[in-house]
Participant: 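So that we are looking at the same thing, I have put the structure below in structure tokens.
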Amino acid sequence: MEGIEHKMISVNGINMHVAEMGQGPIVLLIHGFPELWYSWRHQIIYLAAHGYRAVAPDLRGYGDTTGAPLDDPTKFTTLHVVGDMVALIDALGADMVFVVGHDWGALIAWRLCLFRPDKVIALVNLSVHFNPRNPKRKILENVRAAYGDDHYICRFQEPGEMEAVFASYGTKKAIEKFLTYRDRAPFYFPTDKPFGALYDTPVIYPSWLSEEDVDYYTKRFEQTGFTGALNYYRCVDLDWELEAPWTDAKASVPVKYIVGELDLVYNEEYVKGGGFKKNVPQLEEVVVIEGAAHFITQEIPDKINKHIYDFLQKF
């Protein structure tokens, strides 16, 4: 990964670590859980080689980004994180940028398009589709009603609890389990057995994931812990409260959506049944990749790179 530059940029009261490469229109790459800028390593190199300036931050609470109060989950709302992205765009000297998001990064990118569409030329979002706000029911109520208390979003709520679980289980083992998960079934974390049926199963690395990759993630999460990453889940109901002004708002920028058919968050009925297009009126393309799972930026980088590039070239 020679040529990727690393710098610290002061944004929105925190010090944000950014990896970047290339010259040209800016492509802001927003990572998910439990990831880092590193998840975009293949896209950074490709985009830089094809006339773009690829910029991939570590989000607040992650990696080498510092300054966010980890002991206060209320400082990890979508308003805070979108604020970080807006401040970063300004610090990069841009009025508008292309945005590519994955997992939590996709959720943040959707909110960026809701709150500040004037900052986004076009969006490529991976994995997580746009979810309109339900004014009648909070998010945790929905999750508990559908999946029960052992669902991962519910189990991530209590401060300190999952941190202790991951510490006893082993950071590297936890990272391995997350990155190699390939199942459309809901993700459960029973109290006596984190990762459920996968708790005792040996991990077999797929061809796209090396021990060096896992060690990079492991080292960073051993340094920072998981609290910052888990705080995003711990304020989902606060997000629901704060986002009340955007009830019924549409994501009003040009969008391409890409998802692996084996991704646990892929909602085929919603994506293909018209609901998605209704909430994202400028949705131009939906790509469902056969045989691919959740971490598609790393699993099938060549396909993802081409899909991103082809869409950006329209603008």
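Because only heavy atoms are used, hydrogens play no part in the values below, and waters and symmetry mates are left out as well, while side chains stay in.
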Participant: Does this structure show an ion pair linking Glu222 with Lys172, if we count only N-O contacts that are shorter than 4.0 Å?
Facilitator: no
Participant: Run the numbers on Phe195 and Lys173 for side-chain contact (heavy atoms from CB on, under 4.5 Å), then give the verdict.
Facilitator: CA-CA 11 Å; Phe195 298 97; Lys173 282 179 67 179; over 6 Å; no
Participant: Should Glu212 and Arg41 count as an ion pair when the cut-off is N to O under 4.0 Å?
Facilitator: no
Participant: Could you verify whether a donor N or O on one side chain and an acceptor N or O on the other, from Thr247 and Arg133, lie under 3.5 Å apart?
Facilitator: yes
Participant: Work out which heavy atom in Met16 is nearest to a heavy atom in Val11; give both atom names and the distance.
Facilitator: CB-CG2, 3.8 Å
Participant: Please walk me through it: do Tyr147 and Ile153 pass side-chain contact (heavy atoms from CB on, under 4.5 Å)?
Facilitator: CA-CA 10 Å; Tyr147 304 111; Ile153 292 178; over 6 Å; no
Participant: If you look at every heavy atom in Lys119 and Asp95, which pair is closest and at what distance?
Facilitator: CD-O, 3.2 Å
Participant: Do Glu261 and Arg184 sit within salt-bridge range, that is, some charged N less than 4.0 Å from a carboxylate O?
Facilitator: no
Participant: What I want to find out is whether Lys219 reaches Asp215 closely enough, with some N-O distance under 4.0 Å, to be called a salt bridge.
Facilitator: no
Participant: Give the cluster check for Phe130 versus Trp246: same hydrophobic cluster or not, with ILVMFWY residues linked at side-chain heavy-atom distances below 4.5 Å.
Facilitator: yes
Participant: Would you name the heavy atoms of Asp237 and Ile139 that are closest together and state the gap between them?
Facilitator: OD1-N, 3.2 Å
Participant: List the atom of Ala68, the atom of Arg60, and the distance in Å for their closest heavy-atom pair.
Facilitator: CB-CB, 4.1 Å
Participant: Please determine whether residues Phe315 and Leu28 belong to a single hydrophobic cluster, defined as Ile, Leu, Val, Met, Phe, Trp and Tyr linked transitively by side-chain heavy-atom distances below 4.5 Å.
Facilitator: yes
Participant: Can you name the closest pair of heavy atoms from Asp103 and His294 and give their distance?
Facilitator: OD1-NE2, 2.8 Å
Participant: For residues Cys154 and Gly148, report the shortest heavy-atom separation together with the two atoms involved.
Facilitator: SG-O, 3.6 Å
Participant: Indicate whether any N or O donor in one side chain lies under 3.5 Å from an N or O acceptor in the other, for Tyr46 and Asp302.
Facilitator: no
Participant: Can you list everything that forms a side chain to side chain contact (heavy atoms under 4.5 Å, CB included) with Thr180? Sequence neighbours excluded, please.
Facilitator: Val203, Pro206, Leu209
Participant: I'd like to know whether the aromatic ring centres of Tyr169 and Phe189 sit less than 6.0 Å apart in this structure.
Facilitator: no
Participant: Check whether Val271 and Leu262 end up in the same hydrophobic cluster, where Ile, Leu, Val, Met, Phe, Trp and Tyr are linked by side-chain heavy atoms less than 4.5 Å apart.
Facilitator: no
Participant: Got more than 12 heavy atoms from elsewhere within 6.0 Å of NZ, Lys277?
Facilitator: yes
